[in-house]
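See structure below.
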Amino acid sequence: MGRFATGKKIERRAAVFAIYERPATPFFMPENPLVTESEDSARKLPKTFEPGSFEERWYSVWETEGRFQPSGAPGSPRFVMVIPPPNVTGKLHIGHAYGRTVEDILARWKRMLGLRVLWVPGTDHAGIATQMVIERQLAKQGIDRRELGREKFVERVWAWKREAKDTIQTQMKRLGCSLDWTRERFTMDPDLSRAVRHVFVRLYEQGLIYRGRYVVNWCPRCETAVSDLEVVHRETDGSLFKIRYDVAGVPGGATVATTRPETMLGDTALAIHPEDLRTSKLAGRTAILPIVGREIPIVEDAILVNREFGTGVVKVTPAHDANDFAMGKRHDLPAAVVIGPNGRMTADAGEYAGLDRFEARKQIVTRLTDEGRLTAEPYRNSVGHCQRCDTVIEPYLSEQWFVKIAPLAQPAVRAVEDGTIRFVPESWTKTYFEWMKNIHDWCISRQLWWGHRIPAFTCPNGHVTVSEEDPAACPTCAAAPLEQDTDVLDTWFSSQLWPFSVFGWPEKTEDFLDFYPTDVLVTGYDILFFWVARMIMAGLHFTGEAPFSTVHLHGLVRIGGEKMSKTRGNVIDPLEAIAEFGADAVRFTLASAASSGATVSVERGRMAGSRNFATKLWNAARFTLSALDGRTVPTELASRALSLPGRWVLSRLSGAARDVNRHLSGFRFDEAASSIYAFVWHELCDAYLEMVKPVLSGREGTEEERESVRGVLSRCLLDSLALLHPFMPFLTEEIWDKATGRPGTLIVAPFPTGEALRTDSEAEHVIEAVRALITRVRNYRGERGATPTEPVELWVAPDSPDRELASGIFAVAPLLQHLGRIPQLRLEAPPASAFRDVVAGLSVGLRVKESASESGGARLEKALSDIEQEYEGLSSKMRNPSFVDKAPPAVVEKTRRRLLELEERRAALSGGRA
RNA sequence: GGGGGGUUAGCUCAGCGGUAGAGCGCCUGCUUUACACGCAGGUGGUCGCAGGUUCGAUCCCUGCACCCCCCACCA
C-alpha cells in the first residue's frame, strides 16, 4: 500500500476548513430544483443525443406557455428589441441566422435576468426586391407584368408574401428565436400603412417632402428611380471618347470628352470656364451638334467646368446628367430627353430612336469616327449599377418625390454626439457622422407596383392634394374624380418607422407607451445608412425620442473567407445546418464566430465542434444524473463541508458566470461562448468529474462526502445549463427538464451572475497545482517511453519555493495519487536517483521504471534550452538598471520570481539528466 | 479623390504595453465503468516589412507593401 499514509485525514480536515463563508443560501435557485420524488424514468437521459427529438417540442412548450411575451407590470424594467424585418423575397440564409441568434441570446439572457423582454418579429415588403422575384417567376411563364395588370400582379405578390413569411417564420422558430409571435407585423399591414401615410402627410405639410423634375438614378431594367444608396459603383474598363464639335468662326472647333457619347444627342450647350485661356476664343460662339446639326450655345460656367481638367470644354446634357442639369438651370437651357425609361433612345434621338442605349452608342461612335470627329482611348471609371439587378444606372430627368433631409439629419447627429444613442462597436460612430454630414435629399418615389402608394391626389384641374384619407373631391376646386399618384414609396420609407409603427403608432397604444423606445437594435453594418440612420432621424422627428439606445452593428457572414453567394455555391441554409448539427450547435457556432470585425467567418468544422460540445454537455449531464441517482440534493449546500475540488470548481463556475455576464454586456458573444465552453469542457468535465469519480463510486470517501459532491455536481450542472441557455436553448431545456422535473422553465430560471459564489483563490491555487503535477507526471511518462498506466513515484520537497503549497498539497494527496497513478507520494526531498523538476512552485522528484524506449532525451534538452533562453532574456533585463528603476515594482518582482523559478527548474532538470 | 478595416500556429480567428491563445487539423498513445462527437500527451508562431517612442512593443506612433470595405455629381 503505497498511499501517503495521512492523506485522508488531511483531506477531511481541509474539507471542514473549506466551508462556504456565506452560509445564507447564496444560490440563485430559489428552491431546490432537483425534485426528490420525481420518477426515476424522468431523470434518465437517453444514451444517444438527438437534437431533432426535442427541439420543436420545447419551442412549442415555450410558445404555448407565453414565455415569449413580456410578463410583469407595465412600467417595470423591460428589454425591448425589434427584429430587422427580413425581406419577403425568399428564405433566410445563415447571415440572418447569425443576427437573430445574437438577438435571441440577448433576449434570453435579459429574460433570465428578470427583465420583461419583448422581441418583436415581422417582415418587410421589400418593394423592388420582391417585385423582381415575382417578375422573374412570371418571366419563366412567359408573362410580362404589364399583361397581367397592376391589380392582378399585386395579388400575386401578396400570395407569394404569405408563403415567404411562413417559411421565414418556420426558420426562425427552428433556430429557437424567442420572438413574440402575437405581435408579428408586416410593413404593409393596415396599421403600419397608416403610419406611413401619416408620416408622408406630416412631412409634406412641414415642407420636408417636395415633388419636382430632377435628374435621378434610373434603372432601365426595373424602370424606376432609385436612391443614391441603391446605386452600386464599380470600377469598369471603358473608353473615354473625344468628340470635335464645329464652331462657327473657330477653326478646329471645340473638343469635348465623354464616356457616354450617345448622350450628345441631348446636348443643349457646351460649357467653358470663364477664365480659361485655352478656350477663351470660344466664348459667346455657337457650336454645331454633330449628327443632329442643331446649333447650341457655348456658355461660361465656373462651377461645372474645371480649368485644369481635360480639354476645357464640357458638353452639357441637362436631361442625362445631374451636374449638367444644375448647370442647365443656371443658364436656362432646355433639356432634351434622348434616352427613355426603358433604356431605348427616344423620338428626340432622331434616327437612333428605338435603339438600345448601348447599341446607339456603338453606332454613334462608328459614325463620328468615320466623320473624323471622334477618337477613343481606354479609360477606367466608376459606373453605377442597380443594386438589385446590376443594370447600368442611367441618370434620367423625371418627376419624383423627395425628402428634404438636412433638417432631419441635425437632431440625428446630436443624439449620437450626446450619447443618447451609442454604436457598438464604437468605431461606426465616425462612419455615421461622415455620412450624415454629406447627406443628400432622398428620392422616395418608385415607379413600381408593390409598395405603399403615394398619398397624393390630382384633380381634373391639376390641383394636388396630399392627405391621410382618400379625398372624395378636390379641396381646392371641389372637382372630382381625383387620381392617386401611381408611384409607390421606397421600401425604406416604411422601414424607418419600424421601431414605433410596430406598436401601433401614431396611435398612443398601450404597447407604444409601454415598449417604445426600444433598447437595443442589432443589425449588419451594411444597412447603417439605409435603415439605422433613417430610423434615428424618423424616430427623433416623429416621436421626439431616439428609437433605441444602443445599436449593435455586426459583421457580415463569410464562409471560408468568402462572401456568401449563390454563384459561389457556398450558401449555408440554416435549416440544413440545423438538420445536420442541431439548432443549438448552429447557434453556438454563430455566437462563437461573432467578433468585432467586419466579417464573421463560419466554417463547417466549427459546427461539428459545437455539436461535439453539445454532446459533451449531454454526457456530463448523464453522468451527473446517474451520480445523483434520484437522490435528494441538499438545499443547504452552503452549510456543508466542501472538499478542495468542490471549492475549486465552484470558484471557477462563479468566474465563468461573471465572465459570461461581462462579455454579454459588451456584446462579445464569442468571448461569452468561449468562457462557458472552457468551463464546462475543460474544468467541469476534464477535471472535476474525473476528480470525484473515486468518491462517487464509493471506493473512497464517506457518505457525507458523497453528498457534498452530489451537491456540487448538481450546482455545476444547473448553473451551466442556465449559463448556456441563451446560446443553446433546446438542449439545456431538455436536460433541465430531466434534472429538475420542471419542464420548460429554464427559459425563465434566474441567470447566474457569479455573485452568489465567491472566488476561492486558495482552492484555485491548490487545485491548479494538482492539475499541473498530474500533467507533469503524465508527460514524464511520455518522456521516459513508459506506458500511461506505469506507476510513477513522486516526491514533493517540503522546502519547495512555495512551502505553503508543499504542505497544503497533502490535503489532496489521494486525488493526486489516483489521477496521476502515483502509488508513492512522499513529502520529502527527492533522492538523487529521481528525476527532478519544479512544477507550480513545487520541487518535485519523479521516478518510473525505465523503459526500453528513451524518447525523452531530446525533450529534456529542448526544455533546458527553452529555460536557458528565457533565463538569459530575463536576467539581462534585471541587469538593466533602468528596468529596475522605471518598471512598476510589481513587474520587477514578478520577473525576479520567474527568474528564481527558472533557476530551480534548471537545477532540477540538469540533475535529472544525470 | 476621401474615409475605414485587415495582415498573429497548416486553416478560421481571438488577444493587444511585461517575449503569445482557442477551435479545427496534424503526430503519439489509450475498450480509464458520461462521452471515440471521447481521454491523455505532443507538434506547430523572428505576431506583414522598415523605422520611432518606451526600462520593455505583437500591442502605441510614422512610413511602406499587399488585401478588403464604404463614401464621392473623376466631364
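We name chains A, B, ... by the order of the sequence lines, and we start the count at 1 in each one.
- Among the atoms of the strands shown, only primed sugar atoms or phosphate atoms (P, OP1, OP2) are found under 4.0 Å from some heavy atom of A:Tyr677.
- Contacts between residues 679-686 of chain A and RNA chain B, defined by a heavy-atom separation under 4.0 Å, are made by A:Trp681, A:His682, A:Cys685, A:Asp686.
- In this structure, the side chains of A:Tyr98 and A:Leu556 stay at 4.5 Å or more apart for every pair of heavy atoms.
- Contact annotation: A:Lys437 side-chain N/O to B:rC71 OP1/OP2 distance is not under 4.0 Å.
- OP1 or OP2 of B:rC13 sits under 4.0 Å from a side-chain N or O of A:Ser601.
- Side-chain atoms of A:Lys242 and base atoms of B:rA75 include no donor and acceptor less than 3.5 Å apart.
- Nearest nucleotide to the side chain of A:Arg668, out of B:rA75, B:rC55, B:rA14: B:rA14.
- Contact annotation: A:Lys430 reaches the phosphate of B:rG4 (side-chain N/O to OP1 or OP2, under 4.0 Å).
- Side-chain N/O atoms of A:Glu235 and base N/O atoms of B:rC74 include a donor-acceptor pair closer than 3.5 Å.
- Side-chain proximity of A:Arg778 to B:rC71, B:rU12, B:rA40: nearest is B:rA40.
- With B:rG41, B:rC74, B:rC69 as the choices, the nucleotide that has an atom nearest any side-chain atom of A:Tyr525 turns out to be B:rC69.
- For a distance-only test at 3.5 Å, the side chain of A:Arg606 fails to qualify as a donor-acceptor partner of the base of B:rC24.
- Closest to the A:Ala887 side chain, of the nucleotides B:rC55, B:rA75, B:rC13, is B:rC55.
- In this structure, the nucleotide among B:rC74, B:rC13, B:rG15 sitting nearest to the side chain of A:Thr599 is B:rC13.
- Neither OP1 nor OP2 of B:rG56 sits under 4.0 Å from any side-chain N or O of A:Ser882.
- Remark: RNA chain B takes part in the stems B:1-7 with B:65-71, B:10-13 with B:21-24, B:26-30 with B:38-42, B:48-52 with B:60-64, each of 3 or more antiparallel Watson-Crick or G-U pairs, criterion distances under 3.5 Å.
- Dashed line: the shortest gap from a side-chain N or O of A:Asn880 to OP1 or OP2 of B:rG56 is not under 4.0 Å.
- Look at A:Lys616 and you'll find a side-chain N or O under 4.0 angstrom from OP1 or OP2 of B:rC39.
- Side chain A:Thr615 to base B:rC37: a donor-acceptor pair is found below 3.5 Å.
- Along RNA chain B, the nucleotide nearest to A:Ser697 and the one nearest to A:Lys886 differ in position, and the one closer to the 5' end is contacted by A:Ser697.
- Each of A:Asp324 and A:Val231 lies near RNA chain B, and the nucleotide nearest A:Val231 is the one positioned closer to the 5' end.
- Comparing the C1' positions of B:rG18 and B:rA22 gives an interatomic distance of 22 Å, to the nearest angstrom.
- Among the heavy atoms of the strands, none lies under 4.0 Å from A:Val316.
- Within the nucleic acid shown, A:Glu870 comes within 4.0 Å of at least one base atom, counting heavy atoms only.
- In this model, a donor atom of one side chain and an acceptor atom of the other lie less than 3.5 Å apart for A:Asp301 and A:His331.
- Nucleic acid contact for A:Pro881: none, since no nucleic acid atom lies under 4.0 Å from a heavy atom of the residue.
- Look at A:Asn323 and you won't find any side-chain N or O under 4.0 angstrom from OP1 or OP2 of B:rA75.
- Salt bridge A:Arg898/A:Glu870: present, at least one basic N to carboxylate O contact under 4.0 Å.
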